[in-house]
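In what follows, a single structure is set out as structure tokens and then discussed.
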Amino acid sequence: MANIMELRVAAFINEDWIHSHTDPYYHYFFEGNNRDFTYWTENDNKLIKQVQHIVINWNTSLINVYKAVGPTRMKTLDWRTGTETIQSFPLTSDQNITYNNTVLTPTSASLYIRGSSNNPAIPGSPPIDWEYNISVDRNSGQVTFIGQHDGYPNHEIYKRIDGETPVELYRFYKKTLGHLFDPMDINVNFTK
């Protein structure tokens, strides 16, 4: 029987830089997260684009949900001279990374989470989106996710029970940048 269950939902870009666009003088790239799938991204927002970390604590009868967004940096490459310039942008807003409908009983927990954040360097850019209804069975440790997310970038979901080794529940390899546009195109429905 679990006392504390952590769930981690994250979106990330595995490349170090991704090409955005080119004009007659420059190539423009945005920084990725330069990593593979892993639970271990806590306290290092350079490893994520967006994250929600849920802590269900039956000892204290609390559900806490933490959120974060990663930094945005753009590299400009003058294709004539080879000169590179890197520009950092303020963090995008996390106001649309939310949760509600939390219910905690002695044997279960449930909540709804929604994540939505965009690239602060491009006004009006499509956001990274997800939304999930989550339910947890304390006795079996099983978790159910029902919802959807964008087809870009990579998405990952993990659970960790009582500080033990994290277990990967879901792994999605990104499609193309065009899959950021509405509507969310990847349906998720699993119990593990």
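Numbering starts at 1 and runs along the sequence shown.
- Just one residue in the list Phe190, Trp130, Tyr170 forms a ring-ring contact (aromatic ring centres under 6.0 Å, His included) with Phe145, and that residue is Phe190.
- Remark: Thr176 pairs with His179 by the side chain to side chain contact (heavy atoms under 4.5 Å, CB included) rule, at least two apart or across chains.
- Contacts classified as salt bridge (Lys or Arg N to Asp or Glu O under 4.0 Å) and involving residues 170-183 (residues at least two apart or in different chains) are given here: Glu15-Lys174, Glu168-Arg171.
- Take Phe172 and apply the ring pair (Phe, Tyr, Trp, His ring centres under 6.0 Å) test, not counting sequence neighbours, and it matches His149.
- Residue pairs meeting the salt bridge (Lys or Arg N to Asp or Glu O under 4.0 Å) criterion with at least one member in residues 85-106, sequence neighbours excluded: Lys67-Asp94.
- Every side chain to side chain contact (heavy atoms under 4.5 Å, CB included) that Glu31 has, sequence neighbours left out, goes to Trp17, Arg73.
- Residue Leu177 belongs to a hydrophobic cluster whose other members are Ile13, Ile18, Tyr25, Tyr26, Tyr28, Phe30, Met74, Phe89, Ile122, Ile128, Tyr152, Leu180, with links defined by side-chain heavy atoms closer than 4.5 Å.
- Listed by first and then second residue, the salt bridge (Lys or Arg N to Asp or Glu O under 4.0 Å) pairs involving residues 115-127 amount to none (not counting sequence neighbours).
- Residues forming a side chain to side chain contact (heavy atoms under 4.5 Å, CB included) with Glu131 (at least two apart in sequence, or on another chain): Tyr112, Arg114, Gln148, Met184.
- Here Val55 is tied into one hydrophobic group with Ile4, Tyr66, each link being a pair of ILVMFWY side chains closer than 4.5 Å.
- Taking the six-membered ring for Trp and the full ring otherwise, the centers of Tyr132 and Tyr99 sit at least 6.0 Å from each other.
- For Arg138, the salt bridge (charged side-chain N to carboxylate O under 4.0 Å, His left out) test picks out no residue, with sequence neighbours left out.
- The side chain to side chain contact (heavy atoms under 4.5 Å, CB included) search around Asn34 returns Asp16, not counting sequence neighbours.
- Contacts classified as salt bridge (Lys or Arg N to Asp or Glu O under 4.0 Å) and involving residues 141-155 (residues at least two apart or in different chains) are not found.
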